[in-house]
There are 2 protein chains.
Amino acid sequence: MRIGELSRRTGVSVPTIKYYVREGLLPAGQLTSPNQASYDATHERRLKLIRALIDIGGLSVAGIREVLAAIDDRERPVHEMLGAAANRVVPRYTDEPGPGIAASRAAVEQLIERRGWRAAAGGQAGEALAVALAALAEVGHAEFTTVLDTYADAAERVADADLAYVAHSVAREDLVESTVIGTVLGDAIFGALRRLAHIDASARLFGTLTEASPGPEGAPPAPGPDADTAGRPG
Amino acid sequence: MRIGELSRRTGVSVPTIKYYVREGLLPAGQLTSPNQASYDATHERRLKLIRALIDIGGLSVAGIREVLAAIDDRERPVHEMLGAAANRVVPRYTDEPGPGIAASRAAVEQLIERRGWRAAAGGQAGEALAVALAALAEVGHAEFTTVLDTYADAAERVADADLAYVAHSVAREDLVESTVIGTVLGDAIFGALRRLAHIDASARLFGTLTEASPGPEGAPPAPGPDADTAGRPG
DNA sequence: CCATCATAGATAGTCCCACTATCAGATAGC
DNA sequence: GCTATCTGATAGTGGGACTATCTATGATGG
């Protein structure tokens, strides 16, 4: 197919497709003449993946480039790739950590020890956790750590389910892609489920449905795009 | 205290503090003379909260403005606020949903029914879930829905823990703030825990520690900022 | 009391990111 | 032949989050 059809099938504009090719997210089409290229199903699939990572996962173009590089690198052994794919996805914390970070790191180490996890506390995920816990303490919610073990229980269940799902993949390429998708889109999905569960829990507590109530700007209760401006920039 | 000290205490530059005041995130200081204002502990706390929502939660300034408006609005009843605070946080999906969205919406409705959740499927959280599921189907991973119930189990546990934590708050203001913090920072914390659990699970499967292995760009295994560029833009 | 420093408030500028517009030259397919 | 479409390149746009600069004023310390 030519670029126009690829655009129609994916809903991504032709200039944007070219932009993704320039940025290295999407391989160029097969040139059939100096100014004509053909694209196939792999391009379509890749393009849909890119859009999902941007729209649902909130990843940046640079982040997607690294994720896709991990998917496409067939040299690395599978278990390394799994770690790498997960690592690609950790948000970066540029500014210097505050003073409470040492205590938070210790808490992370203890948690990992306590749960018997075979994971390095100093890795990216552990460090991200430590930074988040330190921030929590900074805003006066150090008490929140009391729920950490419940969170960890839930995370274990989710991780086991993810691994079981990923294990279905036959081809190695599928396996890594499944990991990426499970990690990135799984975050979004779990976040939505968590919010639904919050709504249910507070409904049980307070006896009212709260989700459909319009906010200050009068968000419609019906499905569809609304005026909400919170969230991760696309 | 004056603005300089506020800046020193929070690590936020003076022009940035002024910017937050302009943007309505932070109340202006109490003017003691035409060109002199004093700030107190509430400003410091609020500023730290803003930075946490930006750095850890990845919220935009516009999103934070709405979240803080919900916190500061003392008129709304508590249970509405809980829903609103959660709603503020749902990412927006601007582009038109694909053709599979109808099936995904039905799946969400069934899930809510199945779990007996008192939540509207058409609300923001439900719609976000439907969009994410539709995207999953688009990239050929419709099978992922088989783990949905496991995710929902985990989400229920997390939500119960969150509510129990929030119930500790005595003052109504604290209650809403706890909800916001729990929702936004809790997402980040759970995400990090999930990644640690992934690492552990794949270590158990493949017998290797994968987290500390350097990526393609040679990310350091030690704590501290690194070259990773993936993640939510700040 | 005066020099030096910090401050309020305002406006303009910067940098990055994710596109988007325009163009020239060439080709597809009728 | 004619028109819609394409490639490849370069430049421009709009939004977001700051950041720099400036003026006029007040605070502080010797």
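- Between B:Ile3 and B:Lys18, some side-chain heavy-atom pair lies under the 4.5 Å cut-off.
- For the pair B:Glu127/B:Val131, a side-chain contact is recorded, criterion being any heavy-atom separation below 4.5 Å from C-beta on.
- The 5' end of DNA chain D is approached more closely, in terms of each residue's nearest nucleotide, by B:Thr16 than by the other of B:Arg2 and B:Thr16.
- At least one donor-acceptor pair under 3.5 Å links the side chain of A:Ser7 to the backbone N or O of A:Val12.
- Contact between the side-chain N/O atoms of B:Tyr20 and the OP1/OP2 oxygens of D:dC18 is found at a separation under 4.0 Å.
- Atoms CG (B:Asn35) and P (D:dC22) sit 19 Å apart, rounded to a whole Å.
- The nearest whole Å value for the distance from the CZ atom in A:Arg22 to the C1' atom in D:dA9 is 8 Å.
- Toward the 5' end of DNA chain C, the nearer of the two residues A:Ser13 and A:Lys18, judged by each one's closest nucleotide, is A:Ser13.
- For residues 25-34 of chain B, proximity to DNA chain D is found at B:Ser33, B:Pro34, defined as any non-hydrogen atom under 4.0 angstrom from a strand atom.
- In this structure, a donor-acceptor pair under 3.5 Å is present between the side chains of A:Tyr20 and A:Arg51.
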**OP:** For side-chain contact (heavy atoms from CB on, under 4.5 Å), just list the numbers for B:His141 and A:Tyr165, CA-CA rounded to whole Å, side-chain angles, deciding distance to a tenth of an Å, and then say yes or no.
**Re:** CA-CA 10 Å; B:His141 281 264; A:Tyr165 170 72; 2.5 Å; yes
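- To the nearest angstrom, P of D:dC18 lies 13 Å from CG of B:Leu59.
- One finds no side-chain N or O of B:Arg8 lying less than 4.0 angstrom from the OP1 or OP2 phosphate oxygen of C:dA6.
- Straight-line distance from the OH atom of A:Tyr19 to the P atom of C:dC17: 9 Å, rounded to whole Å.
- Atom-to-atom, CG of A:Leu47 to P of C:dC19 comes out at 11 Å; the value is rounded to the nearest Å.
- Taking atom CZ on A:Arg65 and atom C1' on C:dC17, their separation rounds to 12 Å, with Å as the unit.
- Distance, B:Gln36 CD to C:dT7 C1': 5 Å, rounded to whole Å.
- For the pair B:Thr145 (side chain) and B:Leu148 (backbone), a donor-acceptor distance under 3.5 Å is absent.
- Side-chain atoms of A:Ile56 and B:Leu136, non-hydrogen and from C-beta on, never get closer than 4.5 Å to each other.
- Rounded to an integer number of Å, the gap from B:Glu23 CD to D:dG15 C1' is 12 Å.
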